[in-house]
Each structure stands twice: as structure tokens, then as C-alpha cells.
Amino acid sequence: MIKKLLFPLVMFAFLGIKSQNNTGAIKVTIKDKTTGETLPFASVVAYSKGVQVAGTTTDMNGECFLKPLPPGTYEVKAVYVGYQPKELKGILV
């Protein structure tokens with residue numbers, strides 16, 4: 001299942017992925033909402049109950065994976081130069 005959520009400047013797309021060892025991942029795609037252009041090298045962090053559990057940067061296509069993540073609910077925050085930071089809450093893995 002893919003979720004696409006729009007924000008004033010940035011669009012996130014999330015895909016929850018489950019592996020055989022009972023962990024999962026969140027796939028993130030970050031795009032400019034107006035132009036649809038992907039944003040490479042954005043910083044992306046996942047939090048669980050206010051504690052950082054994963055972090056990475058997007059690739060040249062504006063995509064990244066936050067993994068391995070145990071099943072649960074996460075908040076994901078993205079930061080990119082020239083844009084306001086954006087956070088999504090309640091992402092299920």
C-alpha cells in the first residue's frame with residue numbers, strides 16, 4: 001500500500017515494507033508540491049515515542065528507506081534547505 005500525503009511545499013510518499021525477521025521499512029519520496037520535482041539529499045528522520053530510531057538522506061531521485069524498523073507507529077520528519085521542515089505522524093509499520 002502506498003500513501004501519498006501533500007504538504008504546503010513538500011510531498012511525501014510512504015510505503016511500509018515488512019521483511020521475514022519481523023521488521024519493516026518506510027520508503028520516502030520527497031517532491032516539491034508545485035513543480036513535482038524530486039528533492040535529492042533531503043534529511044529524513046523517523047521517531048518512535050519522541051526518540052530518533054532511524055535517519056538517512058534521499059538519493060538523486062528524492063527517495064530513501066528508513067529501516068530496519070520494528071512494527072509500530074512512527075513520526076517522520078524531513079528537512080531540506082530552502083523549505084520548511086515537514087513532519088508526518090502516525091505512520092504504521
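When side chains are defined from C-beta on, V44 counts as touching I30, because their heavy atoms get closer than 4.5 Å. F41 places a side-chain heavy atom less than 4.5 Å from the side chain of M60.
Residues G36 and K31 come closest through the heavy atom pair O-CD, 3.6 Å.
The structure places NZ of K77 at 10.5 Å from CD of Q52, a figure rounded to the nearest 0.5 Å. Put simply, OG1 on T73 and CG on L92 are 4.5 Å apart, with the number rounded to the nearest 0.5 Å.
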Under 3.5 Å donor-acceptor pairs involving side-chain atoms of residues 61-69, not counting sequence neighbours:
none

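V53 and I26 fall within a single hydrophobic cluster, where Ile, Leu, Val, Met, Phe, Trp and Tyr side chains are chained together by heavy-atom contacts under 4.5 Å. Side-chain heavy atoms closer than 4.5 Å link hydrophobic residues (I, L, V, M, F, W, Y) into clusters, and following such links, possibly through other members, connects Y83 to V28. Both Y80 and L88 belong to a common hydrophobic cluster when Ile, Leu, Val, Met, Phe, Trp and Tyr are linked at side-chain heavy-atom distances under 4.5 angstrom.
For residues 35-49, the pairs satisfying side chain to side chain donor-acceptor pair (under 3.5 Å) are D32-T35, with sequence neighbours left out.
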